[in-house]
Number of protein chains: 2
Amino acid sequence: MLMVTMKDIAERAKVSIATVSYVLNESGNVGEDTKKKVLEVIKELNYRPNLIAKSLKMKKTNTIGVIVEDMTVFNAPNIIDGINENAEKLGLSILLTNMRLEKRVSNNPNDPDLVKPIIKKIMDELVSKKVDGIIYVGLHPRDVTESIPETDIPILFTYCYTTKQEHCAINYNDEQAAYEATNYFVSKGHKKIALISGHIDSMSSHSRYSGYYKSIKKHNLLFNPSYIKTGDWRFDSGYSLTKELLETKDLPTAILAMNDQMAIGAIRACNDLGYRVPDDISIIGFDNREFGAYYSPKLTTMSLPLRRMGLLAIETIYHLISGSPTDCNKLKTTLSCELIERDSVCPPTGLF
Amino acid sequence: MLMVTMKDIAERAKVSIATVSYVLNESGNVGEDTKKKVLEVIKELNYRPNLIAKSLKMKKTNTIGVIVEDMTVFNAPNIIDGINENAEKLGLSILLTNMRLEKRVSNNPNDPDLVKPIIKKIMDELVSKKVDGIIYVGLHPRDVTESIPETDIPILFTYCYTTKQEHCAINYNDEQAAYEATNYFVSKGHKKIALISGHIDSMSSHSRYSGYYKSIKKHNLLFNPSYIKTGDWRFDSGYSLTKELLETKDLPTAILAMNDQMAIGAIRACNDLGYRVPDDISIIGFDNREFGAYYSPKLTTMSLPLRRMGLLAIETIYHLISGSPTDCNKLKTTLSCELIERDSVCPPTGLF
DNA sequence: TTGTATGCGTTATCAA
DNA sequence: TTGATAACGCATACAA
């Protein structure tokens, strides 16, 4: 493949390579005439700079390596979309690596002995490719410290975090989200609000429980332990736990489920037991998954700020690699979630 | 940032740079002792090759530029997942560009005057980055010829295509998919099968209609024009068109919807009019979207071979850039879809 | 204002 | 079996 270089431009324009470089980078003082001439030839020969050569010289690639634990998980596309959006604005390229963690080590994505060598290999590759920084996009919010090898390259975590001081992490605020969801129930007049939690060993579960609890306390509502059920994030657990909830004496009028799958499981359980949603029981989900909008009733849910996390991630790493020292203070950032009001919540009817 | 180079290795091991290169690439004949010594130093200094320098020298980056029209659209993540999987096997890196077409020019993603300059800019960037090839991932299956600028780099299209001879395109077989879906209805005993089509100007709509028609003819079924309805891909059109269908004299016993949104719109319409799915009316959707699995009944649907398209795309471009001439024959490839049997289809009851 | 020359970290040719 | 050395395309210090 033919490739036109600065040398070709120089010869054709009868100037030196340096001059070509000057007009290309608008460095140095180039006379108007020569400049014009050079520009002409550049256009004429359809010159495209060789960024590989430039990178070698400058020791800077303007490229960010993005490691995503699993591309096909619902959080990834929107985070990457955000990364891309600001990357373009900042003149950064994205070198994407998809670990396909879910498929590769589906049983235990948290086993460092399994995962660390994979990440190490990917990072070595990125080091060799001379990326200026790395963004690591997690599968779900959790501590990945043990799986991350040492590295000199600036690295930033999103949708996960490490306990290391020097590691940036951008996440959303689980506690605030659950707090506001619960507040929303209260604002509609609910006093008996149940909670269907995710796995008990999940960080998100803890934080969301905590937000729920704070709201209950703040509004001086009775905290009823039998309203707290622990599921496993899946439809079936939402379904069966809701059935348990509806078989007790003192029925709740509202259920906060920690994800949308369990939320629609809850709706189904209500329906199967003859309760209507939201008329008899109100339900809020989490994650704002697509299917919630197509369900009947349309699911009210907490939306995660995925795109904004991506936007902020790339922006932050940009500052990091540009050596702005100020950013080192707010290393751990957390963004707010937003309630999507749809049709699965209404005031309690007072029937029970 | 400290960076250890071959020169450092050479000095430390008391050999020449060339020798280091020889052992690194296993080229040339290097004595066992020197080899061992060099390898030791490499490990000791934790040497990582500079692929930028190598690329400059070799005029090959082993990097594929992936341009995706919209990352957040349902087809993209699985295609990219497939691309990544084989990219890793083939030693290729992925430079990802997300056009965010849906957001940028939401009204008219097909207007070349709007889109072509955007693509041109992205391609110039990829040319400068010296990618060895380009994969272009479309928003939906259609002819994008007019939006694609000329380029010297090997380029391959997936989830879209061009009319140019020299352009590879990997897509799925819409006609086969609709043909098999209709056959499936017939195999269950259905004779009165309605079709809810997508936009009439869509290539997919045409092909799927054609597959439907072939199946009807093949089984000597009566082709009833009033069973053909044209929607706009959205839930609401599936809903209202199904209502129209159910208000005619001669009710269909089965409905093939050209996507999952319209399919669940159809289910809802059936329910609202007092028909049960699948007992009274069977329904098949298209695309195997996630929400179909959570619907009630679980939606039987045609699954698109997205991951396989990605796998094949990167494999094909690999052959293209390796200069295998044999692949030029089968430039336009089409992959089969697969029916996902769930709960929205059963034999007709014979009530109408 | 413009040109010469050096080096970025590799690979590869040619000599030794 | 090894070592000098010249590219690869670009940016830049320094000279003119």
Side-chain angles (χ1 to χ4, degrees), chain A residues 1-39 41-42 45-63 124-132 152, chain B residues 1-39 41-42 45-63 93 124-132:
Chain A
M1 177 185 12
L2 36 104
M3 116 145 295
V4 20
T5 72
M6 283 169 52
K7 198 175 157 207
D8 300 320
I9 308 291
E11 282 171 6
R12 183 85 169 230
K14 300 194 186 310
V15 295
S16 74
I17 292 184
T19 304
V20 177
S21 178
Y22 293 146
V23 344
L24 240 21
N25 298 305
E26 295 176 355
S27 56
N29 281 1
V30 185
E32 272 311 314
D33 291 353
T34 24
K35 186 171 184 175
K36 200 177 148 204
K37 176 67 183 164
V38 170
L39 254 14
V41 178
I42 284 175
L45 299 189
N46 193 29
Y47 168 79
R48 302 278 163 231
N50 182 332
L51 257 25
I52 295 291
K54 179 161 187 163
S55 291
L56 178 60
K57 178 69 187 171
M58 307 297 275
K59 293 179 173 303
K60 196 161 195 301
T61 54
N62 294 311
T63 299
D124 281 349
E125 188 69 21
L126 292 179
V127 168
S128 277
K129 288 265 179 183
K130 298 292 159 197
V131 298
D132 297 330
D152 295 329
Chain B
M1 175 185 16
L2 37 103
M3 114 144 296
V4 21
T5 71
M6 286 170 52
K7 196 175 159 207
D8 300 320
I9 307 292
E11 282 169 8
R12 183 84 169 228
K14 298 195 189 308
V15 296
S16 74
I17 293 183
T19 304
V20 177
S21 177
Y22 294 144
V23 344
L24 241 21
N25 298 305
E26 294 175 356
S27 56
N29 282 0
V30 183
E32 272 309 314
D33 291 352
T34 24
K35 185 172 184 175
K36 201 177 147 204
K37 177 67 183 162
V38 169
L39 253 14
V41 178
I42 284 175
L45 299 189
N46 192 30
Y47 168 78
R48 303 277 163 230
N50 182 332
L51 257 26
I52 295 291
K54 179 163 185 163
S55 290
L56 178 60
K57 181 66 188 173
M58 306 297 274
K59 293 179 173 303
K60 195 159 192 306
T61 54
N62 293 311
T63 299
S93 293
D124 282 348
E125 188 69 21
L126 292 178
V127 167
S128 277
K129 288 264 180 184
K130 298 291 158 198
V131 299
D132 297 331

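For the numbers below, each heavy atom of this structure counts, side chains included, while hydrogens, waters and symmetry mates do not.
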Q) For the helix from C:dT1-D:dA16 to C:dA16-D:dT1, what angle lies between the axis at the first five pairs and the axis at the last five pairs, to 10 degrees? A) 50°
Q) In residues 56-63 of chain A, which residues come under 4.0 Å of DNA chain D by heavy atom? A) A:K57, A:M58
Q | Residues that A:T34 engages under side chain to side chain donor-acceptor pair (under 3.5 Å), provided they are two or more places apart | A | none
(Q) What range of DNA chain D does chain B touch, first nucleotide to last, counting atoms under 4.0 Å from its heavy atoms? (A) D:dT1 to D:dG9
Q) Quick one: side-chain contact (heavy atoms from CB on, under 4.5 Å) partners of A:S21, sequence neighbours excluded? A) A:M6, A:N25
Q | Any residue meeting side-chain contact (heavy atoms from CB on, under 4.5 Å) with A:L39, in chain and number order, not counting sequence neighbours | A | A:V23, A:K35, A:I42
Q) Between A:Y47 and A:V4, what is the shortest heavy-atom contact and its length? A) CD1-O, 3.3 Å
Q. Looking at residues at least two apart in the chain, or sitting in another chain, which of them share a side chain to side chain donor-acceptor pair (under 3.5 Å) with A:S16?
A. A:T19
Q) How would you list all residue pairs meeting salt bridge (charged side-chain N to carboxylate O under 4.0 Å, His left out) that involve residues 7-24 of chain B, not counting sequence neighbours? A) B:R12-B:E44
**Q.** Test item: B:N50 and B:M3 side chains (from C-beta on) under 4.5 Å apart, heavy atoms
**A.** yes
(Q) Restricting to side chain to side chain donor-acceptor pair (under 3.5 Å), what partner residues turn up for B:N46, sequence neighbours left out? (A) B:R48
Q: For B:K60, check side chain to side chain donor-acceptor pair (under 3.5 Å) against everything at least two apart and list the hits.
A: B:N62
Q) For DNA chain C, which nucleotides open and close the run of contacts to chain A, 5' to 3', at under 4.0 angstrom from a non-hydrogen atom? A) C:dT1 to C:dG9
Q. Residues from residues 14-22 of chain B sitting under 4.0 Å of DNA chain C, heavy atoms only?
A. B:I17, B:A18, B:S21, B:Y22
Q) How long is the span from the OG1 atom in A:T61 to the NZ atom in B:K129, to the nearest 0.5 Å? A) 6.0 Å
